[in-house]
Amino acid sequence: METDNCLLVMIEIKNICKSFGELEVLKGVNLSVEQGEIVAIVGKSGAGKTTLLQIIGTLDRPTKGQVLIDGTDVFAMKDRELASFRNRHIGFIFQFHQLLPEFTALENVCIPAMIAREKESEYMPRAQKLLSDLGLSDRMHHKPNELSGGEKQRVAAARALMMSPDIILADEPTGSLDEKNKKELSELLLHLREEYGQTILLVTHDKELAGIADRIIEIKDGVILSL
């Protein structure tokens, strides 16, 4: 992505440290991500990639440091306020989809809006349009065990988009997919950025997926090696 002084910094990470007991997992991480940028975070297992993504996603609090999302200091919020912020501003795509097996594809996509206590008349058409836009108009009423791996990941992507979040965080999103579905997911993520303007952070071991990013960030032993 071309740099422009007028571009908005969507994510700003300042001196993030995270320890679990005496184990120091992140050691003063600093990073800025612009609006609409795709950034891949790479590194060996245990380097701190997923821990950093969880902190950016407000699923875990840092031991020290700040995370600003669109200028908001997220960890200055109390837990309930933070949960509401997360639901409205951050979408997640996980390696194993994390779809509820007893719910249909459509019902899974609706969950963030249900958590936000929106009216069904408001969120249902939005969920249906998202699934249609992602090529799943004929799979809306199928449960996860009736879907292929690629279809499950598209449902997960639709769920991540349900609240029109500013940021999509994807943790090893191709880890459970075959080569065909990996390629389709890479194309899907590029489509999401083009169509919806999301800022996307990927944690991945997949070199081809990392290759779609505007920048690749490498973490080793809790420290960023390259920007």
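Note that this is a predicted model, so its numbers are computed, not measured.
Shown here are the side chain to side chain donor-acceptor pair (under 3.5 Å) partners of E172, two or more places apart in sequence or in another chain: H205. With sequence neighbours left out, the side-chain contact (heavy atoms from CB on, under 4.5 Å) criterion links E22 to no other residue. Residues forming a side-chain contact (heavy atoms from CB on, under 4.5 Å) with K27 (at least two apart in sequence, or on another chain): E24, D221, V223. Residues meeting the side chain to side chain donor-acceptor pair (under 3.5 Å) test with R88, sequence neighbours left out: none. Checked against side-chain contact (heavy atoms from CB on, under 4.5 Å), A158 has the following partners two or more places apart in sequence or in another chain: V109, L130, L131, L134. In this view, E184 and K180 satisfy the side chain to side chain donor-acceptor pair (under 3.5 Å) rule, not counting sequence neighbours. Not a single side chain to side chain donor-acceptor pair (under 3.5 Å) links S186 to another residue, sequence neighbours left out. Listed by chain and number, the residues in a side-chain contact (heavy atoms from CB on, under 4.5 Å) with F92 are L59, R86, I90, F94, L169 (sequence neighbours excluded).
Residue pairs meeting the side chain to side chain donor-acceptor pair (under 3.5 Å) criterion with at least one partner in residues 44-53, sequence neighbours excluded, are T50-D171. The list of ring pair (Phe, Tyr, Trp, His ring centres under 6.0 Å) pairs with a residue in residues 70-89, not counting sequence neighbours, reads F85-H89. Residue pairs meeting the ring pair (Phe, Tyr, Trp, His ring centres under 6.0 Å) criterion with at least one member in residues 107-148, sequence neighbours excluded, do not occur.
The hydrophobic cluster containing F103 also includes L100, I111, I115, under a criterion of side-chain heavy atoms closer than 4.5 Å among ILVMFWY residues, counted directly or through chains of members.
When the shell of 6.0 Å around CD of E208 is examined, it contains 12 or fewer heavy atoms from other residues, nucleotides or ligands.
At least one donor-acceptor pair under 3.5 Å links the side chain of D214 to the backbone N or O of I38.
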